[in-house]
Amino acid sequence: MVDRKKCIGCASCTFICPNNAIKIVDGKAQIDPKKCVKCHACENICPVTAIKIK
Ligand code: F3S
């Protein structure tokens with residue numbers, strides 16, 4: 001999930017996602033849980049550690 005208070009909308013996660021599961025909505029990242037393959041790429045690239053994949 002994305003911590004919307006932390007996310008700065010840099011879009012790095014949208015580019016790194018191998019399955020195109022993340023979009024920027026209202027300036028914040030939003031993950032489509034149906035598309036997420038839990039690779040943790042977004043978690044690792046986020047500069048403000050706004051994403052936690054369980
Ligand atoms: Fe940027 Fe995505 Fe983090 S938009 S701030 S890498 S949640």
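All ligand and atom numbering here is 1-based and tracks the order in the structure. Values below: all heavy atoms of this structure, side chains included; hydrogens, waters and symmetry mates excluded.
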Can T49 and K6 be said to form a side chain to side chain contact (heavy atoms under 4.5 Å, CB included), step by step?
CA-CA 8 Å; T49 62; K6 280 189 176 181; 3.5 Å; yes
The reported gap from CD1 in I51 to NE2 in H40 (rounded to nearest 0.5 angstrom) is 11.5 Å
Connected to I16, directly or through other members, by ILVMFWY side-chain contacts below 4.5 Å are I45
How many angstroms lie between CD in E43 and NZ in K52, if you round to the nearest 0.5 Å?
5.5 Å
Taking only heavy atoms of V48 into account, list the atoms of ligand 1 that are under 4.0 Å away from them.
5 (S)
About how many Å separate CD1 of I22 and OG1 of T14, when rounded to the nearest 0.5 Å?
7.0 Å
Counting only protein N, O or S atoms and ignoring waters, those under 2.8 Å from atom 2 (Fe) of ligand 1 are C13 SG
Out of curiosity, N19 CG to I31 CD1, how far, rounded to the nearest 0.5 Å?
12.0 Å
